[in-house]
Amino acid sequence: MSAFRDQDPRIHGIQTKIRVVPNFPREGIMFQDITTLLLDPKAFKDTIDLFVERYKGENISVVAGIEARGFIFGPPIALAIGAKFVPLRKPKKLPGEVIREEYVLEYGSDCLEMHVGAVNSGERALVVDDLIATGGTLRAAMNLLERAGAEVIECACVIEIPELKGRERLNGKPLFVLVESH
């Protein structure tokens, strides 16, 4: 489900601040650059506010952010809704015992890790990232949280690239996005 694309004027402001960089990080990729969104305090705040408005009062106890851009959006959402923030990191970045999940993405493969004990059985979790493309990263994040016993309530991304059909890899889990990119 997308945000109130036609109703909420903040969506257009957010969309206009996302820069598309052709052929990055490799030929054929149209990179969705959110750094230009972050340079605009109003658009950045509107982005966070739209997520907070959706998740406040939903009894979410964990906001899991995917490295690295999920670390930008996840913590302010977690603080605003009274949840803890759990970083999902690339390999060998977390000290101590971790669980890991390998996955394939549109231009290679990778792995996510999470601290053992960061999430407790029965906790309600939200997964946050900047973008969903093929869905591999979000699927890996959901797998990590579910293996730890959490219930993933929804995935939330600023941007979706619908033609890459990432939503289909989420096994029916709800996905909330603010803008679609083509």
Side-chain angles (χ1 to χ4, degrees), residues 1-21 24 30-90 93-94 105 112 114-115 118-119 123-142 144-145 150-162 164 166-167 170 173-182:
M1 170 160 88
S2 296
F4 343 86
R5 196 176 334 285
D6 299 322
Q7 299 90 352
D8 196 310
R10 296 176 290 183
I11 297 296
H12 178 71
I14 292 165
Q15 192 158 24
T16 64
K17 298 300 177 184
I18 298 166
R19 177 176 63 165
V20 178
V21 181
F24 182 84
M30 298 296 285
F31 187 80
Q32 306 294 309
D33 181 14
I34 54 96
T35 61
T36 46
L37 169 70
L38 303 175
L39 293 174
D40 185 307
K42 181 183 180 341
F44 185 22
K45 182 179 185 325
D46 287 347
T47 301
I48 300 302
D49 288 349
L50 283 163
F51 288 125
V52 170
E53 289 163 16
R54 180 168 179 86
Y55 299 112
K56 200 160 191 78
E58 293 298 318
N59 198 26
I60 292 169
S61 57
V62 175
V63 174
I66 298 171
E67 186 173 339
R69 291 174 300 274
F71 292 4
I72 296 168
F73 300 102
I77 294 167
L79 287 172
I81 67 172
K84 63 185 171 183
F85 177 75
V86 174
L88 304 180
R89 304 241 19 215
K90 303 291 166 100
K93 300 282 186 177
L94 292 171
L105 43 86
L112 286 178
M114 177 178 75
H115 273 132
V119 175
E123 286 196 282
R124 290 170 52 88
L126 171 68
V127 178
V128 176
D129 205 358
D130 67 324
L131 174 135
I132 178 170
T134 62
T137 310
L138 285 178
R139 179 72 241 164
M142 290 185 343
L144 273 177
L145 292 161
E151 176 190 0
V152 176
I153 302 305
E154 193 163 78
C155 296
C157 295
V158 178
I159 308 162
E160 178 179 17
I161 305 174
L164 295 180
R167 189 179 288 263
L170 302 183
K173 192 62 68 181
L175 171 67
F176 178 71
V177 297
L178 299 182
V179 299
E180 290 182 356
S181 180
H182 301 282

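Note that these values count all heavy atoms, side chains included, but never hydrogens, waters or copies made by symmetry. Since the structure is predicted, the reported quantities are computational estimates derived from the model, not experimental observations.
- Rounding to the nearest 0.5 Å places NZ of Lys45 at 10.5 Å from OG1 of Thr47.
- When side chains are defined from C-beta on, Ile72 does not count as touching Asp130, because their heavy atoms never get closer than 4.5 Å.
- Minimum interatomic distance between Leu170 and Gly135 (heavy atoms only, all atoms of both residues): CD2-O, 4.2 Å.
- A distance of 13.0 Å separates CD1 in Ile132 from CD in Gln32, rounded to the nearest 0.5 Å.
- Scored by the side chain to side chain contact (heavy atoms under 4.5 Å, CB included) test, Thr16 finds His12 as partners (sequence neighbours excluded).
- Among residues two or more places apart in sequence or in another chain, the side chain to side chain contact (heavy atoms under 4.5 Å, CB included) test is passed with Lys56 by Val52, Ile81.
- The side-chain heavy atoms of Leu50 and Ile14, taken from C-beta on, include a pair separated by under 4.5 Å.
- Partners of Arg19 according to the side chain to side chain donor-acceptor pair (under 3.5 Å) rule, which considers only residues two or more places apart in sequence or in another chain, are Asp33.
- Taking the side chain as every heavy atom from C-beta outward, Arg10 and Asp49 approach each other to under 4.5 Å.
- In this structure, the side chain to side chain donor-acceptor pair (under 3.5 Å) partners of Lys17, at least two apart in sequence or on a different chain, are Asp40.
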For Phe51 and Val158, what are the C-alpha separation, side-chain angles and deciding distance, and is it a side-chain contact (heavy atoms from CB on, under 4.5 Å)? CA-CA 9 Å; Phe51 288 125; Val158 178; 4.0 Å; yes

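- The shortest non-hydrogen separation linking Leu112 to Thr137 is CD1-O, 3.8 Å.
- For Asn59, the side chain to side chain donor-acceptor pair (under 3.5 Å) criterion is met by no residue, not counting sequence neighbours.
- The line from CG of Leu178 to CD of Glu180 is 11.0 Å long, rounded to the nearest 0.5 Å.
- Scanning both residues, Pro75 and Gly70, for their nearest heavy atoms gives CD-O, 4.0 Å.
- What you find for Leu164 and Ala133 is that their closest heavy atoms are CB-O, 3.5 Å.
- How far CD1 of Ile66 is from CZ of Phe73: 12.5 Å, rounded to the nearest 0.5 Å.
- Not counting sequence neighbours, the partners of Glu123 by the side chain to side chain donor-acceptor pair (under 3.5 Å) test are Ser61, Lys84.
- In this structure, Gly74 and Val63 approach most closely via the heavy-atom pair O-CG1, 3.7 Å.
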I'd like to know whether Cys157 forms a side-chain contact (heavy atoms from CB on, under 4.5 Å) with Asp129, so could you lay out the CA-CA distance, the side-chain angles of the two residues, the decisive distance to 0.1 Å, and finally the verdict. CA-CA 5 Å; Cys157 295; Asp129 205 358; 4.3 Å; yes

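- Considering every non-hydrogen atom in both Phe85 and Ala64, the closest pair reads CE1-C, 4.4 Å.
- Distance CD1/Ile60 to CG/Leu126: 5.0 Å, rounded to 0.5 Å.
- At least one donor-acceptor pair under 3.5 Å links the side chain of Arg124 to the backbone N or O of Glu58.
- Contact check for Val177 versus Arg167: side-chain heavy atoms found under the 4.5 Å cut-off.
- Between the CG atom of Leu138 and the CG atom of Leu175 there is a distance of 7.0 Å, given to the nearest 0.5 Å.
- Side chain of Glu67 to backbone of Lys90: a donor-acceptor contact under 3.5 angstrom is found.
- Counting heavy atoms from C-beta outward, Arg69 and Leu131 have side chains that stay 4.5 Å or more apart.
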